[in-house]
Amino acid sequence: MNLILLGAPGAGKGTQAEVICDKLQIPAISTGNILREAVKNGTELGIKAKGYMESGALVPDEVVIGILKDRIAGDDCKNGFILDGFPRTVPQAEALEKMGVVIDKVIEIFVPDEKIEQRLSGRRVCEACGASYHVDYKPSKVDGVCDKCGGKTVQRKDDQPETIKERLRVYHEQTAPLKDYYAKRGKLTVVEGQEEVADTTKLTLKAIEA
Ligand code: ADP
Ligand code: ZN
């Protein structure tokens with residue numbers, strides 16, 4: 001099964017992607033995590049991507065399309081995959097189609113804008129493995145320490161208030177049109193993000209099984 005998770009930054013795509021990954025035993029692919037790893041390691045890709053990411057802009061299509069294409073060629077993707085944060089523009093969706101990738105379902109995790117800022121400003125991520133937490137909604141068991149790997153949890157640079165506004169603007173301008181794109185193709189299911197992560201998870205799994 002090939003799935004796409006759509007949603008504004010901070011809507012909880014990453015968290016849901018992890019759950020589906022465990023449940024269906026298919027990899028969750030986050031272009032954001034791949035890019036952050038590259039920035040951390042100072043690779044050529046990281047150097048290219050850093051400025052865009054820190055300002056809240058999107059990394060150019062040709063760059064992320066290349067990353068995605070390489071990643072889904074991996075052996076572990078043979079039985080399907082969950083895309084978290086890709087596609088983010090219509091040209092990226094078209095590129096997927098051109099690669100011959102058939103998408104089974106697109107799930108939008110919908111959270112109204114008012115809530116997004118609150119969610120993003122409380123978000124913490126593990127420096128080591130990328131796992132995502134929230135100080136109020138999904139705290140790690142020990143403050144500042146990742147439940148999964150013991151790494152340090154930190155606030156992302158792009159989760160600072162000024163950058164959050166820009167990311168939301170970019171989301172509405174460039175990513176939101178994908179809802180129509182996939183609705184027209186009969187692939188879109190909207191899941192309303194709930195206060196409790198576990199409740200959103202129930203709805204997401206139901207949407208996948210439907
Ligand atoms: P979010 O929490 O905003 O969903 P991600 O971790 O998915 O964030 O992505 C972080 C940043 O990485 C984005 O703001 C953007 O700069 C870049 N990025 C990730 N995926 C893509 C993509 N598919 N196209 C362009 N830029 C991307
Ligand atoms: Zn971790």
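Whatever order the structure lists them in is the order used to number ligands and atoms, beginning at 1. Please read all numbers here as calculations on a predicted model, not as lab measurements.
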- Query: Under 2.8 Å from the Zn ion (ligand 2), how many protein N/O/S atoms can be counted?
  - Reply: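 Of the protein's nitrogen, oxygen and sulfur atoms, 4 lie under 2.8 Å from the Zn ion (ligand 2).
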- When you measure from atom 9 (O) of ligand 1 to each heavy atom in R119, R88, E166, which option holds the nearest one?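 Going through R119, R88, E166 one by one, R88 has the nearest heavy atom to atom 9 (O) of ligand 1.
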- Query: Of the choices L83, L6, V170, T31, which has the non-hydrogen atom that lies closest to atom 20 (N) of ligand 1?
  - Reply: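 That would be T31.
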- Message: Please list, in number order, the atoms of ligand 1 under 4.0 Å from a heavy atom of R167.
- Response: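 Near R167, the atoms of ligand 1 are 1 (P), 2 (O), 3 (O), 8 (O).
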- Message: At less than 4.0 angstrom from any non-hydrogen atom of R123, what atoms of ligand 1 do you find?
- Response: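 Those of ligand 1 that fall under 4.0 Å from R123 are 2 (O).
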So, regarding [X] and ligand 1 (criterion: nitrogen or oxygen to nitrogen or oxygen, under 3.5 Å), is there a contact or not?
X   : answer
Q92 : yes
F86 : no
K13 : yes

Between [X] and ligand 1, find which residue part has any heavy-atom pair under 4.0 Å and reply side chain, backbone, both or neither.
X    : result
S30  : neither
V59  : both
L58  : both
R156 : side chain

- Task: Starting from L168, walk the hydrophobic network (Ile, Leu, Val, Met, Phe, Trp, Tyr; side-chain heavy atoms closer than 4.5 Å) and list everyone else you reach, by chain and number.
- Result: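 Hydrophobic cluster check, L168: joined to V111, I116, L120, I164.
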- Item | Electrostatic pair R185:E97 at N-O distance under 4.0 angstrom |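 The answer is yes: the pair qualifies as a salt bridge.
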- Heavy atoms from other residues, nucleotides or ligands near CG of N79 exceed 12 (cutoff 6.0 Å):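 12 or below, so no.
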